[in-house]
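One structure is given below, encoded as structure tokens.
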Amino acid sequence: MSTFLLRLSALVSYCSACLSPLCLVLQVANETLHTDRPDLPECFQLSVLSWLPCIYLWAVCPIYLFYLKRNNRGYIMMSIKNRFKTVFGLLLWIVCWIDLFYTFHELRHGHSQPPIYFVTPLVLGMTMLLATFLIQFERLRGVQSSGVLFIFWFLSVLCAIVPFRSKILQSLRKVDCQQVNKLRFTTFYFYFTLVVCELILCCFNEKPPLFSNVVTDPNPCPETTAGFLSRMTFWWFTSMAIKGYKMPLEAKDLWSLNQRDSSKAMVPTLLKEWEKEQAKASQAVYSKPQPSTTNHVTGGVGGGESSPEEVEVLLSNQKAASRQPSFLRALIKAFGPYFLIGSGFKLLQDLITFVNPQLLRMLISFTKQKGVPDWWGYTLAFLMFFTAFLQTLILHHHFQYCFVTGMNVRTAVIGAIYRKALAITNAAKRSTTVGEVVNLMSVDAQRFMDLTTFLNMLWSAPFQIMLALFFLWQNLGASVLAGVAVMIMLIPFNAVIAMKTRAYQVEQMQYKDSRIKLMNEILNGIKVLKLYAWEDSFKEKVLAIRQKELNVLRKTAYLGALSTMAWTSAPFLVALTTFAVYVYVDETHVLDAEKAFVSLSLFNILRFPLNMLPQVISSIVQASVSLKRVQGFLSHDELDPNSVDRKNTYSVTVVNGKFTWAKEDPPVLHNINMMVPQGSLLAVVGHVGCGKSSLISALLGEMEKLEGDISIRGSVAYVPQQAWIQNATLRDNILFGKPYNEQKYRCVLEACALTPDLEVLPGGDMTEIGEKGINLSGGQRQRVSLARALYSDADVYLLDDPLSAVDAHVSKHIFDNLIGPEGVLKGKTRILVTHGISFLPQVDNIMVMVEGRVSEMGSYQELLKQNGAFAEFLRNYTLEDIIEEDEATGRVYSLSPFYRQISIISADGEGTRSRSVRRHGCSQRKHGEPQEKKKPHEMEKLIQAETAETGRVKTKVYLEYAKAVGPLLSVVICLLYGCQSGAAIGANIWLSQWTNDATRNQTKENVNMRVGVYAALGIAQGILVLISSFTLAMGNMSAARKLHHNLLTNKLHTPQSFFDTTPIGRIINRFSKDIYVIDEALPATVLMFLGTFFVSLSTMIVIISSTPIFAVVIAPLAFIYIFVQRFYVATSRQLKRLESVSRSPIYSHFSETITGSSVIRAYGRHSAFVLMSDMKVDENQKSYYPSIVSNRWLGVRIEFIGNCIVLFAALFAVTGKESLNPGLVGLSVSYALQVTMSLNWMVRMTSDLESNIVAVERVKEYSETKTEAPWDVEDKKPLPEWPMEGNVQFYNYSVRYREGLDLVLKNLTLDIKGGEKIGIVGRTGAGKSSMTLCLFRLLEAAAGEITIDKVKIAEIGLHDLRSKLTIIPQEPVLFSGTLRMNLDPFEKYSDEEVWKALEHSDLHKFVSNHPAKLELECSEGGENLSVGQRQLVCLARALLRKTKILILDEATAAIDLETDDLIQSTIRTQFENCTVFTIAHRLNTIMDYTRVLVLDKGQIAEFDTPTNLISQRGIFYGMAKDAGLVQ
């Protein structure tokens, strides 16, 4: 007993002495460190180890409870698991308190215990109660898996392991059983078992809460229901990785987007902050006195023409004073808080990074010491492993937060830009082209996203550098300053490079913008280029821009090579100077392994922040440019929604209206006064360019109102002059978001004369219409646009010349059934801009416009009486009297069954069918056949969905790229990289030899040699890096040039049919996104891949050479590595592909929206389109989010392998301690420490390489599409002056649009003499346009041949043929550039000739009045000219070319009668002795032609002079009668 009491008193005195730390330390040291069976004293176990978990839980609890109160996810039903957890928690509480009561029991029996025996059970018991309360509270708040409790149980188990072992040791030591307290022994093991059970239960998660959206969602993201461990290690992603590995992922396999990441949640958050910013900024402006605004108005009126300049000066001063709303501040407020959580993780990770070098120091000193217990070494090895593992988890959670923030920023920015684009004024719209705005969405939003991922480095890098320097100072003292000096010298070097790169990037962006803009126009007008044989001229223009772009890229690449060299050599140079200074400064300084390798591992840590800092800074600069662009766009003026008053008595009123397109432009409309009573029909007439369309825009509120008031009562429907058609089905285009009503829909089709067209379209009204309505004829598009207006059932109809694009009889039908006094719209207010005189007698009022003013207004009779300009105009142009159509033309024509299946290459005229048949048809069809018949056709989609390649990227693609780089060059690059790694290894092995001198005391002799060789090896490495980066850059540049050149050449040689079935967005995507990847992303990826590959390789070599046994572990690790890598690459590659496929719809929908914004606004469909855009963005993020997570998933697994390498390298160093010198241990472990990063990057780069090489694959795919016939055939070149006569013969000519479709023209045989004027007529689908396209060989013959002046056109080159024919196409296409360039891109003609052509085409006055004359800039698509003027430009082109054969394709559609007459007379005089083919639109234009060809179902129905045909009373007679040309 006395021994026991002695022990007890010793323990009591010891425990009271716990306060004196010295004796505690000594005792711990004796009991723990210096034995082979270490143990911790009981007091330590009872106090520190027991309290740790409790302190943690009580500290976290208040924050956690607050969080749970804020976030309620619904409650979870009580489950068996939950009951067990609760019961175990209560049992633990009971166990702890049994201990407590037992202590009291002992006290009563006179065994007084130290206070710790009372405190610890009490604290533990309370904590267990708290834990049990948390278990239930979490259940009520819908927490499926608790991280807080998991960490608590984990800590409890960890802390209980020590007493667990020491109690067993005690019982083994004390054989005498009474020494061991049985009750405490039992309660402890009971406690231990329960805690382990709680930990195990905590790993599984509960069922989802009731009523959560996880239950309703068809494919929820498992992240929301994943457990804590699964979240920490991203295990929940594994299911997708496995699925992606088994078979290529498809869109349906993707999980739904988390609610908080959707556009619905993100965009409003940002917009709310941005609106606050704008409100603040405007307050700041209004608080200053503003003399200039009043000046603006009065100056504008009173001061004549001089004032706008003064006003502008005043305005600009005022702008400078005002505060700009900051988009940055809005972004920070919206996304900052979430992002800060990621920053917290980053801070932790930075601190943990520095633990491993300290452990390395201990490990090296351990290998030096003799006779220390082995378990030290093993503990160090495992500690290294655990810190590395913890670091991995924390780092990846930091990345997860950053990437999700980036994704949210992108969603919000795209949403904001889209919403803005729907509301900006026309002036703002003119200042940014569609291409630029799409770039804001694609490139700039992407920049923000890329920046957020690295933004934390801005503070983290300096923090890491400071910590590293602190530890280095401890290690090497003041000589570190030499190294710091080198770093500081490198900073300006890197900064200069970054600045330069930045400048080049801005320059390159501009070239890229202009190249894409030009490509966009080329692709939009590709048909015109082909018809005029202008491809070469435009190809030169594109290549000229591309060359400039490549020059800039080359400079950037060279700078990149320099900076690569700087960052590869930086750590080495720093190490070299530090070591050299350290050794030379003081004789006594010895460089031993500990100092050298700990310093090296610290230098390696330094390397990352030093590299990243310049990158982040340049990335910030880039993002700031993007920020300015986006902020500028979002700050544009918006259309004033209240400029049009919606409440008044009259239906449409304008009082003293003065309107302009942009505030700084001169007004376009002056002094407009009009009142349109409810239900009346007002016609607006006038010459081309007199402001008719502008008036309609003003009524829609699209123009800037300088003075006056507009008001419109009720809703508006708007039919623009050029129909805007969405890429959707025909029915969707007509419904435009209204619910479908069968009867109403049928009548709309009837009134717009669309019923017969539906029978011709392959899928009926479910036919998908291509972008810009490519597979409808001009007339059909216009009628669809009318049908949309009619179906919308609005109060006011604004019709901007809807009848111009359709044939005379169709326009009569539409007027009678739709617009006119008897039409469906009677009783609605209609404002009709028109050139058709024949309808004027039937309208209520006519408004005549001249040069932006209203010259006369009144009814038809009143205006005739006034005998003003209008009466004069009418007298000249009324052809005989306007004859009412005879109802009883009983002729019924069957419709041609020919499916205008896919790409109708040109807009055909409208057919001639008599009205009575149609009226009759409507009533039948209502009960008659519904849509069943059409079903089989629905499958024939015009535009094929863009295919995503699946499966592995074929090796062929890599070889293609290597071939483009140059095969020899590729081999040389790899060799250079090998050499550079060799030099690096050499330097480090030399260093380890050098440190071993310290053990042999040979330090003094060899210092110079050691330093010299070390320096030489390092510098050699730097030079090799520079050379290899240079050669790589060279190779990549040549590849980029070749690939773009091939793509461009092929696209210009591609037949027209390809462009009709492929959306332009998809082709543009190849030229922008994919070429961008090949230019910039791919070279960077290749560089990184080669770098990381060689680093990983050299690490393995070094570790194996120092501890050969390591080779045993390499095989299983490599197996796991490759296994994970294959899973990841398969899934990630497919996700990237899905992401890029789902990206194009965002942009094509966006550009479609911008072009149709006025229509969308007029119909008030603003919010529906915003919703559509949001859905498309969410669809895109749905594939982007898993691809972020896949990187995290991969990172955690690969870094785990890297951590294993560290563990084994350290373990083998400990086991082989006797045979190894410290230098080698340092070498192999410090190499192992840096391998994790490069292994991770290597997989990432492999995958990036695969995803980026896809761009090569996509570009190759479009560089190898089928081409049309050669442009020049040398041995068949016709004579330069061919064709002399202009004779055209068709022999048994047949043609089809594409393989497998019906013939469009069947066995035509014609003989046309030179100088004949031929009119071609026939109904829709009769093959009129096809016939002209055959002359140009846009369609190649299926049988038969065409000869022109005895030359078979099929045998000569396309350019030789097309340059000798001239066409005035139906839709005038202009390119942005000068007017001169639009008329004569090859600059073949002198200025005189150009002016002469302008004179004949009646543009002389317009152009000569313009200050820029021929250099007048045409905007994209010629938007700044009216449609009529554009048509006249096309006429001028034809006059310049003046070839023997002229083809007119319904060219007179959009022109008023005067201009039309002018064109006709010009053609008669200027092309007097040429052969002219006219696809007639208004029959009166061809009545004086030599012969008229009537086509029917692709065959010749009649062919004779007009007079003979009329006397034959055939088809032509019927048409002439419809048009009122014969009685």
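Side chains included, hydrogens not; waters and symmetry mates left out as well; all remaining heavy atoms used. Position 1 is the first residue of the sequence, and the numbers go up from there.
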Open item on the list: I'd like to know if R410 pairs up with D450 as an ion pair, taking the criterion as any Lys NZ or Arg NE/NH1/NH2 lying under 4.0 Å from an Asp or Glu carboxylate oxygen.
Closed with: no
Task: Over all atoms of both residues, closest heavy-atom pair of R546 and A1040 - done: NH2-O, 3.3 Å
Task: Salt bridge flag under 4.0 Å for residues E1340 and K1266 - done: no
TODO: May I have the step-by-step check of ring-ring contact (aromatic ring centres under 6.0 Å, His included) for Y1262 and F1058, ending in yes or no?
DONE: CA-CA 11 Å; Y1262 272 29; F1058 174 85; 5.5 Å; yes
Task: Test item: K530 side-chain N/O and T1054 main-chain N/O as donor-acceptor pair under 3.5 Å - done: yes
Task: Note: R1137-E1257 ion pair, threshold 4.0 Å (strictly below) - done: yes
Compile the donor-acceptor pairs under 3.5 Å between side chains in residues 1159-1171 and protein atoms, sequence neighbours left out, one pair per line.
from	atom 1	to	atom 2	distance (Å)
R1161	NE	E702	OE2	2.9
R1161	NH1	L422	O	2.4
R1161	NH2	E702	OE1	2.8
R1161	NH2	E702	OE2	3.1
Y1163	OH	Y718	O	3.2
Y1163	OH	A789	N	3.3
R1165	NE	F736	O	2.9

Open item on the list: So which atom in R1362 and which in F1336 form the shortest heavy-atom distance, rounded to 0.1 Å?
Closed with: NE-O, 2.9 Å
Task: K264 atom NZ: more than 12 heavy-atom contacts under 6.0 Å - done: no
Task: Residue pair Y1147 / N1069, side-chain donor-acceptor N/O under 3.5 Å - done: no
Task: Which atom of S1183 lies closest to which atom of L254, heavy atoms considered - done: CB-CD1, 3.6 Å
Open item on the list: What I want to check is whether the side chains of T1153 and Y418 have a donor and an acceptor closer together than 3.5 Å.
Closed with: yes
TODO: Tell me whether the guanidinium CZ or amine NZ of R515 lies under 6.0 angstrom from the six-membered ring centre of F1071 and within 45° of its axis.
DONE: no
Task: K420 side-chain N/O to H636 backbone N/O, donor-acceptor pair under 3.5 Å - done: yes
Open item on the list: Using modelled atom types and a 3.5 Å cut-off, is there a donor and acceptor pairing between side-chain atoms of R783 and backbone atoms of C752?
Closed with: yes
- [ ] Keeping the roles fixed (side chain from N1050, backbone from S1263), state whether a donor-acceptor pair exists under 3.5 Å.
- [x] yes
Open item on the list: Check this for me, if you would: do R1070 and E1261 make a salt bridge, where the nitrogen-to-carboxylate-oxygen distance has to be below 4.0 angstrom?
Closed with: yes
TODO: Ignoring hydrogens and angles, state whether a donor on the side chain of S1187 or E1139 is under 3.5 Å from an acceptor on the partner side chain.
DONE: no
Open item on the list: Would you say D800 and S693 are linked by a side-chain donor-acceptor pair, where the criterion is simply a distance under 3.5 Å?
Closed with: yes
